[in-house]
2 protein chains.
Amino acid sequence: MAQAKKAASIWDVARLAGVSHQTVSRVVNGSPRVAAATRDKVLEAITELGYRPNRLARSLAGGAVESVTVLTADISLYGPEAALRGIEKAARALDWSVQISVLDPADTHSDADIIARLPRAGEPTIIMAHDEPGMRAKQVLLDTQPQAMVAIGPYTAEELAASPWLVGMDDGKAAAEATRYLLDLGHTTVHHLAIPTSTGTFGGGRAHRAEGWARVLREAGRPVPEPVPSGWTIAEAFKAVQPLVADPEVTAILCGNDHLALATMRAAHLAGRSVPGDLSIVGFDNTPFSAYTTPALTTVNQDFESVGRGAFELLRHRVDSSIPRPVPGWPEPELIVRETSGPPAEH
Amino acid sequence: MAQAKKAASIWDVARLAGVSHQTVSRVVNGSPRVAAATRDKVLEAITELGYRPNRLARSLAGGAVESVTVLTADISLYGPEAALRGIEKAARALDWSVQISVLDPADTHSDADIIARLPRAGEPTIIMAHDEPGMRAKQVLLDTQPQAMVAIGPYTAEELAASPWLVGMDDGKAAAEATRYLLDLGHTTVHHLAIPTSTGTFGGGRAHRAEGWARVLREAGRPVPEPVPSGWTIAEAFKAVQPLVADPEVTAILCGNDHLALATMRAAHLAGRSVPGDLSIVGFDNTPFSAYTTPALTTVNQDFESVGRGAFELLRHRVDSSIPRPVPGWPEPELIVRETSGPPAEH
DNA sequence: ATCAATGAGGTGAACGTTCACACGAGGCGG
DNA sequence: CCGCCTCGTGTGAACGTTCACCTCATTGAT
């Protein structure tokens, strides 16, 4: 019955080593101003007692901030999940800790509830602002502690330039590129199965992918069909896309992400329409599975992991201005043509 | 330029409300022994100053522990991701915070590095022990702070009963069920594309899915082919499975998870083998996309989210013995027959 | 009228760190 | 030989809470 005896503190180590608590602190933090002999004594005491520093006490006492909280609505979505991975990697490299807090979309939490999630006032925070709960959290933190927050989301180049707390990729442009590609293939127009927008009570949230798609169609003088709204899940997408695959006039569908695209492929198959013969399908995000569907999915690659890393770097800069502002260096979204897209069938 | 003035503390509120700091604490924590008038004064001061409690200070001062750290090697894997979701939901319902720390498989971190990840000694921790780094972390924590840790992993009923810190599902049994199903369909034997095992320097880690599969074959007196080892990624699986799909003798493959199964479907397609006509494929985990592949994947459903929730409940019980031990109540793994499995082709 | 019980609130220490400073011992230049 | 700088180390106060205990009214029963 290993009794859970209290963990050793810096004072216990100090007593055992015959030095002051401050000297122990210096050793632990690698200060140069401590004699080699003393250091050894302290180190020995540390291993003997199994001492490990308490990070809570460290931050409380005003030591350097070494934690970041990620606010997101859904870690099962590929984008947020990959970005989280990037944040975590970058944080780990610097020995920062990562805390995640999931925003419940169904929940009617007040603004106070959102900030109550943070471990303390001024906690460095990264928000995945791709949907309504995220946009809302973004606004709350922008009002509360703008200097210690960064938001990740899809944004145009202008928005990015105007908001120093913003990190993201211009996926409107990427959607435009994909749409243009489909038109060039000979399709009269392109339909759009859309992910939920972040519009709502809070300004700034828009459907960038849908906008890029619509812009290209307008510029090309093509009819702009009403985008078909879908939820985030494959099941919802499968239901939503039915009218589209049933309509023989529809020859090309740009999907808001790869999961929606998979649902579309499935629906097309069940409706007896061949892909890409009768129907071209383009996804978004280059989710790992997309290269292995049959036929393999044409999609738009996005390096979310790098964006996550960039968000972390930017946050460090914003929290501590002595750290230089990072220059965003991740690749632009890029169309990856695989097997689900091709010229429309001859009439 | 909203100067980041220091956040209000409990003392500031006390001063403004004309009471002691302790009274503020009582109000914040909803103690009944405070007069209504006083409470109102305090609440007013709180909103006026925008006070929010500092969770770090709270835990430091010996308040109830309200955070849990999750140690995992890979959040992009469906199992850990879903379990994490379950943990997070359960934690959120109780206003606990969740911290995640990713174990780098490539990293040669020492045992000390692993526990250095924890915010403090005795931090309640849940470990995803499905692979080598996870098993290792499990062992370290078991040695260090057994009373404040819980591990999630695939285990047999006996192992579960023997280890009070263990939560999981018997996926060996599920693999057995799937194998039996394929044999009953008429296949002479079943091949296995295996996920990495957790065996290695640390005992206890085994390949439960592979064991369940092999056991059924032996019991049925069928040849037990060498399992084909694959990495976790789809790309690795695609490479690993090539010899299997190229071999016309192989008529049924049980895959270690749905991603491996997808790779197998793709490889089979490219090798000109029809599914399920020439080759039956069964996956594992019932990953969301699996119902929407073409053909739809036969797989084994596992309710990882419930397991995550169960792990959290068990952890609470272990940290605070006044909380009753939860009874594991999640559904057993269950075979879901869809379209990738069928009787072997006639010779 | 007295006394115990109860309700409302205050006081001081503790949690485990870091920060700002103070202090003595050598070394070195003048 | 004196003053000053640097090195190594110690002292005490903070950080923002909670905990354990104390005090002072008020109440109600005896």
Side-chain angles (χ1 to χ4, degrees), chain A residues 4-42 45-46 49-67 95 97 116 118-123 320, chain B residues 4-43 45-46 49-67 95 97 116 118-123:
Chain A
K5 53 187 159 204
K6 286 190 53 61
S9 83
I10 211 170
W11 286 97
D12 302 320
V13 175
R15 198 174 317 118
L16 182 59
V19 298
S20 77
H21 70 283
Q22 178 63 306
T23 300
V24 176
S25 172
R26 277 189 267 257
V27 170
V28 169
N29 295 293
S31 156
R33 340 211 106 197
V34 45
T38 315
R39 185 192 314 277
D40 289 347
K41 265 194 308 186
V42 171
I46 284 179
L49 293 175
Y51 166 76
R52 23 181 183 156
N54 183 322
R55 306 186 82 139
L56 302 188
R58 183 173 289 178
S59 334
L60 220 212
V65 186
E66 284 186 336
S67 77
D95 256 310
S97 65
L118 305 183
R120 61 182 158 186
E123 166 81 3
D320 175 354
Chain B
K5 53 187 158 203
K6 285 190 57 56
S9 83
I10 211 171
W11 287 97
D12 301 322
V13 175
R15 197 175 316 117
L16 182 60
V19 297
S20 78
H21 70 283
Q22 178 63 307
T23 300
V24 177
S25 173
R26 278 190 265 257
V27 170
V28 169
N29 294 295
S31 157
R33 342 212 105 197
V34 46
T38 315
R39 184 192 314 277
D40 289 348
K41 263 193 310 185
V42 171
L43 287 173
I46 284 178
L49 293 175
Y51 165 77
R52 23 179 184 155
N54 182 324
R55 306 186 82 138
L56 302 189
R58 183 171 290 178
S59 333
L60 220 211
V65 186
E66 285 185 337
S67 77
D95 255 312
S97 65
L118 305 182
R120 61 183 158 184
E123 165 81 3

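Every chain is numbered from 1 and lettered A, B, ... according to where its sequence line falls, protein lines coming before strand lines.
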**A:Q22 CD - C:dA22 C1' separation (whole Å)** = 12 Å
**Prompt:** Nearest-Å distance, CZ (A:R26) to P (C:dT17)?
**Reply:** 15 Å
**Asked** Is A:Q22 close to A:V27 at the side-chain level, that is, under 4.5 Å between some pair of heavy atoms?
**Response** no
**Asked** Just how far, in rounded Å, is C1' of D:dG16 from CG of A:N54?
**Response** 14 Å
**Request:** Could you tell me whether the phosphate oxygens of D:dT9, OP1 or OP2, come under 4.0 Å of any side-chain nitrogen or oxygen in A:S20?
**Result:** no
**Request:** Looking only at side-chain atoms of A:S9, point me to the closest of C:dG10, C:dG16, D:dT9.
**Result:** C:dG16
**Asked** What's the CD-C1' distance between B:E123 and C:dG16, to the nearest Å?
**Response** 15 Å
**Request:** Assign A:T23 to base, sugar-phosphate, or nothing according to its heavy-atom contacts below 4.0 angstrom with the strands shown.
**Result:** sugar-phosphate
**Prompt:** Do B:I10 and B:S25 touch side chain to side chain, with heavy atoms closer than 4.5 Å?
**Reply:** yes
**Message:** When you measure only distances, ignoring hydrogens and angles, does the side chain of B:H21 come within 3.5 Å of the base of D:dT18 through a donor and an acceptor?
**Reply:** yes
**Fill in**
Taking five pairs at each terminus, the helix from C:dA1-D:dT30 to C:dG30-D:dC1 shows an axis bend, to 10°, of 50°
**Request:** Choose from C:dG7, C:dA14, C:dT17 the nucleotide whose nearest atom is closest to any side-chain atom of B:A61.
**Result:** C:dA14
**Asked** Do A:P53 and B:R120 have side-chain heavy atoms sitting under 4.5 Å apart?
**Response** no
**Prompt:** Just checking A:T38: base, sugar-phosphate only, or nothing, at a heavy-atom cut-off of under 4.0 Å?
**Reply:** sugar-phosphate
**Item:** Nearest-nucleotide comparison on DNA chain C, the residue closer to the 5′ end among B:R39 and B:G62
**Value:** B:R39
**Message:** Within the structure provided, determine whether A:L118 and B:R52 are in side-chain contact (heavy-atom separation under 4.5 Å).
**Reply:** yes
**Item:** Whole-Å gap separating C1' (C:dA8) and CG (B:D40)
**Value:** 15 Å
**Message:** Between A:G18 and A:W11, which residue's closest nucleotide on DNA chain D lies nearer the 5′ terminus?
**Reply:** A:G18
**Message:** For a 4.5 angstrom cut-off between non-hydrogen side-chain atoms, does A:H21 reach A:V24?
**Reply:** no
**Message:** In whole Å, I'd like the distance from the CZ atom of A:R15 to the C1' atom of D:dG10.
**Reply:** 16 Å
**Prompt:** So do the side chains of B:R58 and B:V28 get within less than 4.5 Å of each other, counting heavy atoms only?
**Reply:** yes
**Message:** Looking only at side-chain N and O atoms, does B:E66 offer a donor or acceptor that is under 3.5 Å from a partner on B:S97?
**Reply:** no
**Fill in**
Taken to the nearest whole Å, CZ/B:R58 to P/C:dC15 is 19 Å
**Request:** Starting at atom CG of A:L56, determine the distance to atom P of C:dA14, rounded to an integer number of angstrom.
**Result:** 20 Å
**Message:** For a quick check of understanding: with a heavy-atom distance under 4.0 Å over all strands, which category does B:R52 fall into, base, sugar-phosphate or nothing?
**Reply:** sugar-phosphate
